[in-house]
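Comments concern the structure below.
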Amino acid sequence: MKYTALKGVHDIFPPDIHIWQKVESVAKDVFTAYGFQELRAPVIESTDIFIRSIGETTDIVEKEMYTFTDKAGRHITLRPEGTAPVVRCFVEQHLYNLPSPQKFLYSGPMFRYERPQAGRFRQFYQIGAEAFGVAEPKIDAEILSMLKLFFERLGLKELNFEINSIGCPKCRPDYRKALLDFFSDRLEGFCPDCRRRYDQNPLRILDCKVAECIKLREGSPHVTNFLCTECREHFEALQSYAELLAIPYAINPEMVRGLDYYTRTTFEVTCKHLGSQNAVAAGGRYDLLVEDFGGPPTPAIGFAIGMERITSLLKLSADQDIPSPKVFIAALGESAGREGLVIAVRLRLKGLWAEIGYAGNSLKSQLRRADRLSAQYVFIIGDDEIRSGKVKWKLLSDGSQGEIGFNEIDTFLAVPPKA
RNA sequence: GUGGGUGUAGCUCAAUGGUCAGAGCACUGGACUGUGGCUCCGGUGGUUGGGGGUUCGAGUCCCCUCACUCACCCCA
């Protein structure tokens, strides 16, 4: 094959595209009901926007960004995630001057240079939402409830909602220190990755899947025991609101985040049917990021849904409704073909999906094609029908057929079939 | 970046180192002049991912390379 798509990217086309469209429309409906409006930010931004927000020492920034210089030497990066561009827009466009809160949804491709595997791609799609201006934990719970509704509408089950609080710049250093103290005397037993994490990002040790490390970290301090008063109250209030809204969450004090900007609430929705990349949605609070970008102090919270992971789950479960034509017009001969073409265009004018057969195909093959397309009706037009001014109709589901005049077609199709 | 697995028809897969690389599905034509699905018969479709090597002989063995895939790292 001479021309192929790049590694880690993929084409989306029928029949899968119908699942994608379904997910997008459900998200838009549900998020709209929660007061979110669409915001479309560019796919490219200045590189420093991502370095500043995601964090200089994160994997994303250190080795996963698609970065290049344009013809004027500007440093440009294809967005690896959606929050930073939205925050940049929020500040640059002074959206904080609009009535608070401001709530936005977005969707589109993200780019990360990684080795692809199940559920992980170099160009991948996210649907995300960001809410600005509310410090109250009520909105944290609302966002969880919005996700719950979204998944319910899609018929997705067996999902786990996990929440955590990673504190704020006031309390997190205490926790970090406690963690370092706890690990320091047993560091030798940990895997090489964890020993590296000890220096770079000790919270990540909590995430390690190596059996030895899991055993060694038993009894390690929990972040939730180190929260300052404000963070603890926020987290407790979130839990009570989540219970009020019947969100079946679990607290996972070992859940950590790969982006530096998170504060307090973090959450993840996972599904065990996904393989090792099992998060279908994840997000959290980032109360300091807007200020970091030069805006006024503005608490905020957001999340992103991984489209590929959702659609792969739907492909497992779903009875997919693939759209099919209302009418297939099978014509035999040139003059019947002309008549069929005119009828098809007239039906399309009314918004009905009409397909026609083309020259050189026998009636049998046209019917076969109609059957493959799952057309509801076939209209058969030949010399006889042209002479009599009628079309023969056939209902494919039960094989019944009859005749109607050319001018009766519209009313005929308006009446639902008995089958 | 690291490690494993797999590359044969559009798809899913056969073929002990030995005739002309096969089957099912799909597509297409016919059995049935103008009636789909079911059945039967025929047809189209291949650089066996690419390159090199071993051999009388390679889809099969070896090396290189590319792609896909799963996992690690990390993450949606």
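Small disclaimer: the values here were computed from a predicted structure and weren't measured. Letters A, B, ... are given to chains in the order of the sequence lines, protein chains preceding strands, and every chain is numbered from 1.
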I'd like to know if D384(A) pairs up with R387(A) as an ion pair, taking the criterion as any Lys NZ or Arg NE/NH1/NH2 lying under 4.0 Å from an Asp or Glu carboxylate oxygen. yes
Protein-nucleotide distance (D371(A), atom CG; A26(B), atom C1'), rounded to Å: 15 Å
To the nearest Å, how far apart are L332(A) CG and G34(B) P? 8 Å
How do R368(A) and K392(A) order along RNA chain B: which one's closest nucleotide is nearer the 5' end? R368(A)
Does the distance from a Lys or Arg side-chain N to an Asp or Glu carboxylate O, for K63(A) and D59(A), drop under 4.0 Å? yes
N/O (side chain, K394(A)) to phosphate O (OP1/OP2, U35(B)) under 4.0 Å: no
Are F303(A) and F31(A), when compared by the centres of their aromatic rings, separated by less than 6.0 Å? yes
Is E45(A) paired with R79(A) through a side-chain N to carboxylate O contact shorter than 4.0 Å? no
For H10(A), does the NE2 atom have more than 12 heavy-atom neighbours from other residues, nucleotides or ligands under 6.0 Å away? yes
Mind checking the C1' distance from A76(B) to G5(B)? Whole angstroms is fine. 26 Å
Annotated protein contacts, base or backbone, on nucleotides 71-76 of chain B with a non-hydrogen cut-off under 4.0 Å, one of B, S, - each: BBBBBB
Which nucleotide, if any, forms a Watson-Crick or G-U wobble pair with U28(B), using both distances under 3.5 Å? G42(B)
Rounded to whole Å, how long is the line connecting atom CZ of R372(A) with atom C1' of C25(B)? 11 Å
Rounding to the closest angstrom, what is the interatomic distance between C70(B) and U65(B) at atom P? 23 Å
Which base sits across from A21(B) as a Watson-Crick or G-U pair, both distances under 3.5 Å? none
Rounded to whole Å, CG of L363(A) lies from P of G29(B) at a distance of 12 Å
Let's test your reading of the model: under 3.5 Å, does the base of U35(B) pair with the side chain of Q366(A) as donor and acceptor? no
Kindly state whether the ring of Y377(A) and the ring of F412(A) have centres lying under 6.0 angstrom apart. yes
Please give the distance between the P atoms of C41(B) and U54(B) as a whole number of Å. 47 Å
Rounded to the Å, how far apart are I381(A) CD1 and U35(B) P? 17 Å
Assigned partner base of U48(B), Watson-Crick or wobble definition, under 3.5 Å: none
Nearest-Å distance, CZ (R369(A)) to P (A26(B))? 17 Å
In whole angstroms, the gap separating P of G1(B) from CE of M65(A) amounts to 17 Å
Could you tell me whether K148(A) and E152(A) make a salt bridge, using a distance below 4.0 angstrom between a side-chain N and a carboxylate O? yes
Verify whether the ring centers belonging to F226(A) and Y175(A) lie closer than 6.0 Å. yes
What interatomic distance, in whole Å, is found between P of U12(B) and the corresponding atom of U2(B)? 29 Å
Tell me what E385(A) touches on the nucleic acid: a base, only sugar-phosphate, or nothing, going by heavy atoms under 4.0 Å. base
Just N and O in the side chain of K7(A): are any of them under 4.0 Å from OP1 or OP2 of C68(B)? yes
Using the P atom as the reference point in each nucleotide, state the distance between G4(B) and C40(B) in Å, no decimals. 47 Å
If I pick the C1' atom on G59(B) and the same atom on A21(B), what distance separates them, to the nearest angstrom? 8 Å
